[in-house]
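Structure record follows, encoded as structure tokens.
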There are 2 protein chains.
Amino acid sequence: MNPVQFYKCLADETRLRCLMLIEHEQELCVCELTEAIDEIQPKVSRHLAQLRQCGLLVDRRQGQWVFYRVSPELPDWAKTVLAETLESNQAFLADNLKRLGRMGDRPARAMACC
Amino acid sequence: MNPVQFYKCLADETRLRCLMLIEHEQELCVCELTEAIDEIQPKVSRHLAQLRQCGLLVDRRQGQWVFYRVSPELPDWAKTVLAETLESNQAFLADNLKRLGRMGDRPARAMACC
DNA sequence: TTACAATATATGAAATATTATATATATGTC
DNA sequence: GACATATATATAATATTTCATATATTGTAA
């Protein structure tokens with residue numbers, strides 16, 4: 001993971017909010033992220049695709065939903081950066097988490113089998 | 001320090017190399033950075049000015065040189081991110097450190113008095 | 001199969017960032 | 001003061017990024 005490319009991924013408000021929300025919730029689908037950050041769906045989708053192509057996120061299709069989570073193959077230093085950023089910037093995400101909590105009809109997550 | 005603005009600062013190769021070199025060496029002047037990363041002086045100067053305006057670096061003039069170091073007022077989480085990035089990306093900087101070491105006539109740093 | 005909802009992608013316009021060149025300013029030395 | 005070195009800035013050209021709209025794909029349910 002090239003550090004410049006990694007930080008380019010974090011250097012956009014939409015992408016950083018999505019990443020932080022996913023980091024916080026482990027896994028979220030496009031419609032949940034769209035609701036949480038109050039942006040239009042194609043915009044969210046495009047940024048998620050970029051994060052996936054760069055290797056920061058992995059996706060998993062379940063029925064009509066596509067769920068994203070942080071890539072387990074991300075180098076440790078990058079995971080540390082994400083965790084540190086989340087932990088120290090709770091205020092940055094407060095509104096988004098509130099919107100997510102208020103959201104009705106959230107898709108059920110099938111437990112990943114071991 | 002807004003996290004998006006912070007990561008925008010890190011999301012450029014010239015700026016990230018300068019930041020990492022300064023993090024590694026504590027303090028460097030424009031001519032040392034210009035030599036280390038092998039870029040033209042106005043380009044380096046411009047990016048350093050941006051890092052200063054955003055609050056990541058502070059500068060100090062000593063004679064004809066201007067020295068930059070990481071701002072002591074940077075929030076802890078941001079300092080942690082810089083340190084973690086430096087520690088885990090030594091290869092990224094190897095050439096730049098070699099060039100810096102080979103550089104002749106480096107300006108002497110006056111000890112900061114306590 | 002059709003209708004519908006969720007998600008993904010393509011395109012082009014607008015905004016933004018980066019770059020090189022040229023020029024300006026500041027400092028130190030003679 | 002004249003000159004050399006170090007650094008900063010302005011400008012214009014170029015490249016990149018972002019966004020909204022439109023279109024395509026996938027899955028579900030009737």
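Residue numbering restarts at 1 for every chain, and letters A, B, ... go by the order of the sequence lines.
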Inset, instruction - State, yes or no, whether a side-chain contact exists between B/Leu82 and B/Leu74 at a heavy-atom distance under 4.5 Å. - result: yes

Legend entry - Nearest-angstrom distance from the residue atom CZ of B/Phe67 to P of D/dA8: 12 Å

Inset, instruction - With the side chain of A/Lys8 defined as its heavy atoms from C-beta on, choose the nearest nucleotide among D/dA8, C/dT9, D/dT17. - result: D/dT17

Inset, instruction - Calculate the interatomic distance between A/Asp59 atom CG and C/dT7 atom C1'; express it in whole Å. - result: 11 Å

Inset, instruction - Please work out if A/Arg46 contacts a base, only the sugar-phosphate, or nothing of the nucleic acid, heavy-atom cut-off 4.0 Å. - result: base

Inset, instruction - Write down the distance between CZ (A/Arg61) and P (C/dT7), rounded to a whole number of angstrom. - result: 9 Å

Inset, instruction - Name the residue closer to the 5' end of DNA chain D, choosing between B/Lys43 and B/Gln64 according to the nucleotide with the nearest heavy atom. - result: B/Gln64

Inset, instruction - Would you indicate, yes or no, if D/dA8 has its OP1 or OP2 atom less than 4.0 angstrom from a side-chain nitrogen or oxygen of B/Tyr68? - result: yes

Legend entry - Touch class at under 4.0 angstrom, heavy-atom based, for B/Ile40 against every strand present: base

Inset, instruction - Name the closest nucleotide to the B/Gln50 side chain, picking from C/dT9, D/dT7, C/dT18. - result: C/dT18

Legend entry - Spacing between B/Gln53 atom CD and D/dA8 atom P, to the nearest angstrom: 11 Å

Inset, instruction - Run through A/Arg52, A/Glu13, A/Arg15, A/Glu39 and flag the one making a side-chain hydrogen bond (donor to acceptor under 3.5 Å, both in side chains) with A/His47. - result: A/Arg15

Legend entry - Nucleotide nearest A/Arg52 when distance is taken to its side chain, options C/dT7, C/dT9, C/dT18: C/dT9

Legend entry - Donor/acceptor link under 3.5 angstrom from B/Gln41 side chain onto base of D/dA6: no

Inset, instruction - Quickly work out the A/His47 NE2 to C/dT9 C1' distance and round it to whole Å. - result: 14 Å

Legend entry - Separation of atom CD1 in B/Ile37 from atom C1' in C/dT19, rounded to whole Å: 13 Å

Legend entry - Between P of D/dT16 and CZ of B/Arg15, the distance in whole Å: 15 Å

Inset, instruction - Starting at CD of B/Gln41, measure out to SG of B/Cys31 and round the result to the nearest 0.5 Å. - result: 9.5 Å

Legend entry - Interatomic distance, B/Arg60 CZ vs D/dA6 P [rounded to whole Å]: 17 Å

Legend entry - Close side-chain approach of B/Leu19 and B/Leu10, heavy atoms under 4.5 Å: yes

Legend entry - SB check A/Glu27 A/Arg60 (cutoff 4.0 Å): yes

